[in-house]
Novice: 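This is the structure, below, for whatever I ask next.
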Amino acid sequence: MHVQAFLLADALSGMSVLLVISTLLYLTDLRLHQATTQAYLQVQVAQKLLVQSQAQTTKAKGGKIEVQITDRAGHPVALELHKD
């Protein structure tokens, strides 16, 4: 009976260590995902500001410009802005 209790305690201890490691990995992954999402959103804001700035410059000069932006998947998205 004593041996069975020891083996059970040892197994639970091993499971606890695995649970702690698994939890830490999950939290690290979650933080990485949050940081990546936040960085992506900041890039989107920066790209919008760049387009707005270039549009204002173009409007002031009376010409047209092309802006090359990539989407989240890395595919190029071409925008052509004209003076209204």
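On a predicted model such as this, the values are computed, not experimentally measured, just so you know. Values below: every heavy atom of this structure, side chains too, minus hydrogens, waters and symmetry copies.
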Novice: How far does NE2 of His33 sit from OH of Tyr26, to the nearest 0.5 angstrom?
Specialist: 9.5 Å
Novice: Report yes if some heavy atom in the side chain of Val51 is under 4.5 Å from a heavy atom in the side chain of Gln47; otherwise report no.
Specialist: no
Novice: Between CG of Leu25 and CG of Leu30, what distance do you get to the nearest 0.5 Å?
Specialist: 12.5 Å
Novice: What distance do Gln52 atom CD and Lys48 atom NZ have between them, rounded to the nearest 0.5 Å?
Specialist: 9.0 Å
Novice: Distance from Leu27 atom CG to Gln34 atom CD, nearest 0.5 Å?
Specialist: 9.5 Å
Novice: Donor-acceptor check, side chain of Thr28 to backbone of Leu24, threshold 3.5 angstrom: yes or no?
Specialist: yes
